[in-house]
Amino acid sequence: MNIAPFIDLVEDLNRDLVKSERYLRLILAIQRAIPCDVVALLKLKHDHLVPVAVVGLKQEALARQFAISHHPRLQQILANSHITRFDAESTLPDPYDGLVDDDSEQLHVHDCMGSTIYIDGKPWGVLTLDAMQAGSFDTLNPTETRAYITAVAAAINTSEHIEALEVKVERNHQVAQYMLATTGPSSIIGNSVAVRDLLSEINTVASSDLSVLITGETGVGKELVAKSIHQQSRRSEQPLVQINCAALPENIVESELFGHVKGAYSGAVSDRRGRFELADGGTLFLDEVGELPLAVQAKLLRTLQNGEIQRVGSDDTIVVDVRIVAATNRNLQLEVKEGRFRADLYHRLSVYPLPVPPLRDRGKDVILLAGYFLEKNQHQLGVTKLRLQQTAIDQLTRYYWPGNVRELEHVLSRAALRATSEQGRHASIISISRVHLGSEFSPSHSAASAIAEVDNISDNHSTIEISQVLTLGLRDSTDEYQRQVIQTVLAAERGNLAAVARCLKLDRSNLIRTMQRLWLDPNAAY
């Protein structure tokens, strides 16, 4: 083996590459130097190891977060200051079994070795190498292999310094990562163009104090976007306070926002601070802001204009310094036009509009997200490994996802439970196939018939004649067409709103709102 290529590699890492490309180039060089089938570089984040670059693993592996306590091989590698080798007879489960990027769904008998990467004397992460052929690493010289590991650490150290400089010069360089810099419940997972654009927008607006209006369909992750904005803002050390405007009865919304004093109304037995006071110095996230009553909208507007609040029942003015981030799945411009939302408040909230893309526009992000959710599910269910068969992957990538990321999470939770019940909790690998995903991935006969009837409606020019359009106007004619389509599918599905929503590729709540707008009764018998 020759160490010279790694010296050249360390110099190459100073070129204008994003961090993920530096890491990928690094492990490709390792694979050339030490012939193997799988190489993975994982960074240590608290009690998890998170892949930052992989070769030879399925795409979903990049979104896995390997809890060290659940993976004894990774535990042993971290506990050992030298290279750790596992032979083919090792009974310890391999974290990558079922994730290898080949056509097999089975376990592999293979060699595995790994080493902790140290930066400045502290563990940074681990490098693992796997070979499908038993005995592949028998002829390696331990001293020379250690030299490669040392060179990898030097290259990573160089990359870390480059990244630190890039962050100071231009924060937008971070948008090329698979995951937002923070981990946990506020992470945004994805590498699609749509997500890269979203992360770039977040990075742009986060450092300001501008009000942000996050828009998007139900389940796209608007709350995660709000958390990301706060975490990257200068207020990140201050509280992020959330209020779900749709979940509060109209008579207590004002008290929740602005607080109240003792005796302000029946049941007000003591003074109470509202969300604005709790968020003072930080960020207030108004989730589902489109649901606020008009009377409360007027008081909210006054607060946004002058930064002052009054508790319910009090004449005293309290000054607050709060950044507003709001979110809605409604079309607020339409709500303004129809008199359900104040135009002046809309303009105050939407200083920086930020649309979140639906899952169907994010391409292969669905597989990355699936990997993340399955990693969570396998720990919750107490199973060793959950893996997607190709039939399931094909269905996930083709599905329309009217409920977006939230629907994906629920679908995978149900699928994992079904597969575990069928294959047994103690199976070495539990495989999820198309069948486990549920009936929503194969339209029912009645739904297919309904779709055919809808096609007939669109093909039947006598349904809505041009003369009718001229009489009713384009909007009323469009409403009439939507009414006919929904009624047709409702009849075919016998009033099953969930089935109708799937057939029409709508979120169920959006379907109900559309029906109400069209004066169709969601509870009517069909």
Heavy-atom closest pair (Ala392 atom, Ser433 atom, distance to 0.1 Å) is CB-C, 3.8 Å

Tell me whether Asp130 contacts the main-chain N or O of Val38 through its side chain, where contact means a donor paired with an acceptor under 3.5 Å. no

CD of Glu237 to CZ of Arg235, rounded to nearest 0.5 Å, is 13.5 Å

query = Between Ser192 and Val195, is there a donor-acceptor pair closer than 3.5 Å when you use the side chain of the first and the backbone of the second?
reply = yes

* Does the side chain of Glu422 come under 3.5 Å of the side chain of His436 through a donor N or O and an acceptor N or O? -> yes

Value for CG (Leu374) from NE2 (His379), rounded to nearest 0.5 Å, stands at 11.0 Å

The reported gap from CG in Leu359 to CG in Leu369 (rounded to nearest 0.5 angstrom) is 6.5 Å

| query | With distance as the sole test, does Asn203 use its side chain to make a donor-acceptor pair with the main-chain N or O of Leu199 at under 3.5 Å? | reply | yes

For Phe86, the ring pair (Phe, Tyr, Trp, His ring centres under 6.0 Å) test, sequence neighbours excluded, returns none

Looking only at side-chain N and O atoms, does Ser115 offer a donor or acceptor that is under 3.5 Å from a partner on Arg146?
yes

Worksheet item: Donor-acceptor pair, Arg234 side chain versus Ser207 backbone, under 3.5 Å?
Response: no

Assess the residue pair Leu129 and Leu127 against the criterion (side-chain contact (heavy atoms from CB on, under 4.5 Å)); give the C-alpha distance rounded to whole Å, side-chain angles, the decisive distance to 0.1 Å, and a yes or no.
CA-CA 7 Å; Leu129 297 92; Leu127 176 73; 4.2 Å; yes

ask   = Taking the side chain from Lys364 and the backbone from Thr397, do they hold a donor-acceptor pair closer than 3.5 Å?
value = no

For Leu99 and Pro95 the tightest heavy-atom approach is CD1-O, 3.9 Å

Self-check item: Donor-acceptor pair, side chain of Asn404 and main chain of Thr218, under 3.5 angstrom
Solution: yes

d(Leu78 CG, Ile117 CD1) to nearest 0.5 Å is 10.5 Å

d(Gln133 CD, Cys36 SG) to nearest 0.5 Å is 13.5 Å

- Side chains of Asp321 and Asp280: closer than 4.5 Å at any heavy-atom pair? yes

His48 meets the ring pair (Phe, Tyr, Trp, His ring centres under 6.0 Å) criterion, sequence neighbours left out, with none

Next on the checklist: For the backbone of Glu217 and the side chain of Lys222, can you confirm whether one donor and one acceptor N or O come within less than 3.5 Å of each other?
Outcome noted: yes

- prompt: Counting only N and O atoms by type, is there a donor-acceptor contact under 3.5 Å from the side chain of Trp401 to the main-chain atoms of Leu396?
  reply: yes

(message) Strictly below 4.0 Å, N to O, side chains only: are Arg387 and Glu60 in salt-bridge contact?
(response) no

In this structure, CG of Leu368 is separated from CG of Asp365 (nearest 0.5 Å) by 6.0 Å

Heavy-atom nearest pair, Ser431 first then Gln389, reads CB-NE2, 3.3 Å

- Are there more than 12 heavy atoms of other residues, nucleotides or ligands under 6.0 Å from atom NE2 of His82? no

Would you sort out whether Asp97 and Thr384 count as a side-chain contact (heavy atoms from CB on, under 4.5 Å), showing the intermediate values?
CA-CA 10 Å; Asp97 281 338; Thr384 306; over 6 Å; no

Stepwise side-chain contact (heavy atoms from CB on, under 4.5 Å) test for Leu92 and Gln76
CA-CA 10 Å; Leu92 296 177; Gln76 281 196 19; 3.3 Å; yes

Leu26 and Ala155 have their tightest heavy-atom pair at CD1-CB, 3.6 Å

* To do: Measure the shortest side-chain to side-chain distance between Ile430 and Leu381 over non-hydrogen atoms and say whether it is less than 4.5 angstrom.
  => no

Can you find a heavy atom in the side chain of Lys376 that is under 4.5 Å from one in the side chain of Gln65? no

- So, Glu375 side chain and Ala63 main chain: donor-acceptor pair closer than 3.5 Å or not? no

Ser413 side chain to Glu409 backbone, donor-acceptor under 3.5 Å:
yes

4.5 Å side-chain heavy-atom contact, Met113 and Thr145
yes

If the plane angle is over 60° it's perpendicular, under 30° parallel, otherwise tilted; pick one for Phe66 and Tyr96. perpendicular

Only one of Arg360, Glu407, Arg502 passes side chain to side chain donor-acceptor pair (under 3.5 Å) with Tyr399, and that residue is Glu407

Any carboxylate oxygen within less than 4.0 angstrom of a Lys/Arg side-chain nitrogen, looking at Asp138 and Arg85?
yes

| Flag side-chain contact, heavy atom, 4.5 Å: Thr116 against Ile77 | yes

Q) Taking the side chain as C-beta and beyond, is there a heavy-atom pair between Val405 and Arg362 under 4.5 Å? A) yes

**side-chain contact (heavy atoms from CB on, under 4.5 Å) between Leu62 and Ile189, intermediate numbers included** = CA-CA 10 Å; Leu62 279 168; Ile189 297 173; over 6 Å; no

Minimal heavy-atom distance between Gln59 and Ile367, with the atoms involved, is OE1-CB, 4.4 Å

Nearest heavy-atom approach of Tyr23 to Leu41 is CD2-CD2, 3.9 Å

Original post:
Less than 4.5 Å apart, any side-chain heavy atom of Gln395 and any of Thr391?
Top reply: no

Report all side-chain donor-acceptor pairs from residues 281-289 shorter than 3.5 Å, counting only partners two or more places apart or in another chain.
residue	atom	partner	partner atom	Å
Thr283	OG1	His230	ND1	2.8

Can you confirm whether Ile202 sits close enough to Ile188 that some side-chain heavy atom of one is under 4.5 Å from a side-chain heavy atom of the other?
yes

